[in-house]
Asks: 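Below you will find the structure I want to go over with you.
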Amino acid sequence: MDDHGWEDPRESATAPGEIIDMDSPGATDEYVEPDEYDEKAQKEAEKRLREVLEKIPRDISLILFTSPEKNGPFNAATREVIRLVRQMTSKISLLEYDLSHEMARKWEAGASPTLLFNPEKYRIRWLGAPVGEETKTFVEALMMLGYGQVDMGEQAAKIIEKIDSPRHIKVFVSPSCPYCPQQVVNALKAAIIKPEMVSLEIIDIQANPRLAEEYSAQSVPQTFANEVLVAQGAQPEELFMSSVLSLERQYIFIPDDDAPLIETDLVIVGGGPAGLTAGIYAQRSGLESAVVEKDALGGQIATTPIVENYPGIAQAGGKVLVELMVSHALEYTRIFQGEEVMEIQPGDPIVVTTSRRRFQTRAVLLATGAKHRHLGVMGEQRFSGRGVSYCSTCDGPLFTGRKVIMVGGGDSAVTEALNLKNIGVDVTLVHRRDALRAQEHLVEKLQQEDIPVLYNTEIEEITGKKGVTRVSLVDLKTRKKHRKKVDGVFIAVGYEPSVELARKIGVEITKEGYIKHDAGHRTNIPGIYSAGDVEGGYKQIVTAAGQGAEAALAIFEDLINPYWKQ
Ligand SMILES: Cc1cc2nc3c(=O)[nH]c(=O)nc-3n(C[C@H](O)[C@H](O)[C@H](O)COP(=O)(O)OP(=O)(O)OC[C@H]3O[C@@H](n4cnc5c(N)ncnc54)[C@H](O)[C@@H]3O)c2cc1C
């Protein structure tokens, strides 16, 4: 008899640690047979299963927690599945406890049924019954644990190695979902390969409807890592691992390449719209190309909340447009992300040194774009990343329900202020002139949204302790100063071209600071070209893409008939 007056005949008949025979009279709940029962196919499947399970070399200990008052059919089905596999191998042991037992407290089991796998070593738990489609996953888990082998691709293994802080994965599944096993197997692999970092809960939404509701898991499989929704649907192994690593939804997987030296026709520096388009055009012209990007692919679009002026796409989030462009580019060109081009040595071949390798190439396209300007006020650098931000799309959600100022008066500042307001941030725009420079429709939206604007105002200092707490402002007309309590300062005061690399190799720069080029995007150095925002002019996605295409076509023509050799 336990504290709650319920006698579990299985437990009372066995000491903790003993193997329980699930055919014992304790297994009283009814198991519901499937509607359609194909006896022959079932026998065949059982035979094959027995063949692999009986050879399992390692012990697997299962602990099952149940409560007679909760989920009776799920408890019974779990016992039945375990009974079947235990008939096939002596390597699987099972302990079953009532949820009120102290073991349930020790292992923090609260749902019935909860099944733990080798809990002394792994943190893998199944909330629900491994039936229907999920029986496959259950068997897969036993095979991985029993044979001590996880079959994982090289790329996925490399990603999982990079996980260096805890990841708590939850995969919501249902027994009738044919896509769920793939996702659960991905998660099992992560939890088995990296037990010190990765824990896994497989949650059957039918057995756990409240939990499913809490996480709005209305479709399965749905995967959360550290409470962030990282995937809807089943993913290829590498994509799953990179979603778990980055704690973000990932749609595109870019394989890692370890080669220390790569020979190619064209190295494109920068994976913004200019660089990605150039990659497509170069490869389609028959050139081998490689795009090298040091940060996020998509360049400035990656941090653009909404794009409404790219032909054919009436409205899309910046990230959506980036995904479209990157997956299109990947159909043609190789992409090396997370690598910075550090040095370019002109010559024949041109040698490009990145933070990870060297390229020998016949041409280089500088599509390095532009980067945000700094305000240059006291406290800006000190609090950068601690309340001072240049990207509302990236950092805005951290300020929901808090007070911030947005500094600037152009399209970017207004768009970003609207974006902040939209996600519940209390935002005030600070602009040093008496009128905004942003487009009319954006200014109208700003007024409709009631976002306050402090005109003729400049920020003098950002102060705080661990993070930003105040800004000192000055009214440029009256010279009156005042301090304002804020939690964050967002800065959007324009962009400047990224020309350091170009300068280093002697590329001519215009007096406005952009790369000097001819109509074929040729610079003064043979084999070195430019495209996009780094050239100045209209700085738009469509113009950057157009310049990338033009440059790639000019490079193709020049490599066939090098003008520098004539
Ligand atoms: C907030 C915001 C909103 C915008 N909204 C719109 C809009 O609605 N519509 C529109 O048409 N345009 C918009 N733009 C402008 C548009 O995004 C740019 O004109 C366009 O992205 C320029 O493309 P690019 O490829 O020339 O350069 P970028 O997009 O700047 O890409 C350059 C890339 O090169 C990389 N890079 C630089 N140096 C190196 C190196 N040494 N090694 C490796 N990589 C390097 C950078 O990391 C960057 O990813 C917006 C810009 C911003 C900032």
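Start at 1 and go down the list; that is how both ligands and their atoms are numbered. Values reported hereafter were calculated over all heavy atoms of this structure, with side chains retained and with hydrogens, waters and symmetry mates removed.
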Asks: Report yes if some N/O of D533 lies less than 3.5 Å from some N/O of ligand 1; otherwise report no.
Replies: yes

Asks: Consider every N or O of N309 and every N or O of ligand 1, then say whether any pair is closer than 3.5 Å.
Replies: yes

Asks: Closer than 4.0 Å to some heavy atom of G532 - which atoms of ligand 1 meet that?
Replies: 26 (O)

Asks: Considering the heavy atoms of A544, write down every atom of ligand 1 situated less than 4.0 Å from one of them.
Replies: 22 (C), 23 (O), 26 (O)

Asks: Is V534 in polar range of ligand 1, meaning some N or O pair under 3.5 Å apart?
Replies: no

Asks: Between the main-chain N or O of M406 and the side-chain N or O of E416, is there a donor-acceptor pair closer than 3.5 Å?
Replies: no

Asks: Indicate yes or no: does an N/O atom of Q300 lie under 3.5 Å from an N/O atom of ligand 1?
Replies: yes

Asks: For E196, I'd like to know if atom CD has over 12 heavy atoms of other residues, nucleotides or ligands within 6.0 Å.
Replies: yes

Asks: Salt-bridged, D558 to R362, with N to O below 4.0 Å?
Replies: no

Asks: Using modelled atom types only, decide if a donor and an acceptor are shared between the side chain of E161 and the backbone of A157 within a distance under 3.5 Å.
Replies: no

Asks: Considering only protein heavy atoms, which is closest to atom 35 (C) of ligand 1, and at what distance to one decimal place?
Replies: E293 OE1, 3.2 Å

Asks: Considering only non-hydrogen protein atoms, determine which one is nearest to atom 37 (C) of ligand 1 and report residue, atom name and distance to 0.1 Å.
Replies: T368 O, 3.4 Å

Asks: Please identify which atoms of ligand 1 are closer than 4.0 Å to at least one heavy atom of Y495.
Replies: 53 (C)

Asks: Are any of the N/O atoms on E308, whether in the backbone or the side chain, positioned under 3.5 angstrom from an N/O atom of ligand 1?
Replies: no

Asks: Identify the closest protein heavy atom to atom 10 (C) of ligand 1: which residue and atom is it, and at what distance?
Replies: Q540 OE1, 3.2 Å

Asks: Cation-pi check, R522 to Y563: give yes when NZ or CZ is under 6.0 Å from the six-membered ring centre and within 45° of the ring axis, no otherwise.
Replies: yes

Asks: With only distance considered, is K294 within less than 3.5 Å of ligand 1 through an N or O on each side?
Replies: yes

Asks: Compute the minimum heavy-atom distance from E416 to ligand 1 and say whether it is under 4.0 Å.
Replies: yes

Asks: Measuring centre to centre across the rings, with the benzene-like ring taken for any Trp, is H374 within less than 6.0 Å of Y390?
Replies: yes

Asks: May I ask whether A296 places a heavy atom under 4.0 Å from ligand 1?
Replies: yes

Asks: State whether the shortest distance between N or O atoms of S498 and N or O atoms of ligand 1 falls below 3.5 angstrom.
Replies: no

Asks: Is the shortest N/O to N/O distance between A274 and ligand 1 below 3.5 Å?
Replies: yes

Asks: For atom 32 (C) of ligand 1, which candidate among A367, G275, G270 holds the nearest heavy atom?
Replies: A367

Asks: Below 30° counts as parallel, above 60° as perpendicular, anything between as tilted: where do the rings of Y332 and H328 land?
Replies: tilted

Asks: If you measure every N or O of I541 against every N or O of ligand 1, does any of those distances drop under 3.5 Å?
Replies: yes

Asks: Tell me whether the centres of the aromatic rings in F556 and Y281 are closer together than 6.0 Å.
Replies: no

Asks: Does any N or O in the side chain of Q155 come within less than 3.5 Å of the main-chain N or O of D256, such that one atom is a donor and the other an acceptor?
Replies: yes

Asks: Is a donor on one side and an acceptor on the other found under 3.5 Å between the side chain of E340 and the backbone of E293?
Replies: no

Asks: Among all the protein's non-hydrogen atoms, which is closest to atom 2 (C) of ligand 1, and how far away is it?
Replies: T304 OG1, 3.6 Å

Asks: Can you find a non-hydrogen atom of E339 under 4.0 Å from ligand 1?
Replies: yes

Asks: Which of the atoms of ligand 1 are close to V292, meaning less than 4.0 Å from one of its heavy atoms?
Replies: 43 (C), 44 (N)

Asks: Could you go step by step and tell me if I280 and L276 meet the side chain to side chain contact (heavy atoms under 4.5 Å, CB included) rule?
Replies: CA-CA 7 Å; I280 296 171; L276 293 171; 5.7 Å; no

Asks: Taking R358 for the side chain and I262 for the main chain, is one N or O donor matched with an acceptor at less than 3.5 Å?
Replies: no

Asks: Pick, from P273, G494, G299, the option with the minimum heavy-atom distance to atom 21 (O) of ligand 1.
Replies: P273

Asks: Within the 4.0 Å heavy-atom shell around K539, which atoms of ligand 1 are there?
Replies: 15 (C), 19 (O)

Asks: Does the protein put a heavy atom less than 4.0 Å from atom 28 (P) of ligand 1?
Replies: yes

Asks: Apply side chain to side chain donor-acceptor pair (under 3.5 Å) to residues N186 and E237 and explain how you reach the verdict.
Replies: CA-CA 6 Å; N186 285 336; E237 195 177 78; over 6 Å; no

Asks: Can you name the atoms of ligand 1, numbered from 1 with element, that are less than 4.0 Å from a heavy atom of A370?
Replies: 30 (O)

Asks: Go through ligand 1 atom by atom and flag the ones less than 4.0 Å from a non-hydrogen atom of L501.
Replies: 41 (N)

Asks: Between the side chain of D518 and the main-chain N/O of T523, is any donor-acceptor distance below 3.5 Å?
Replies: no

Asks: Does this structure show an ion pair linking D426 with R402, if we count only N-O contacts that are shorter than 4.0 Å?
Replies: no

Asks: Decide, yes or no, whether a salt bridge links K158 with D258 under the criterion of side-chain N to carboxylate O below 4.0 Å.
Replies: yes

Asks: Check whether R432 reaches the backbone of T457 with its side chain - one donor and one acceptor, N or O, closer than 3.5 Å.
Replies: no

Asks: Just distances here: any N/O of V341 and N/O of ligand 1 closer than 3.5 Å?
Replies: yes

Asks: Where does A302 meet ligand 1, judged by heavy-atom distances below 4.0 Å: at the side chain, the backbone, both, or neither?
Replies: neither

Asks: Any idea which part of Y310 is under 4.0 Å from ligand 1, heavy-atom wise: side chain, backbone, both or neither?
Replies: neither

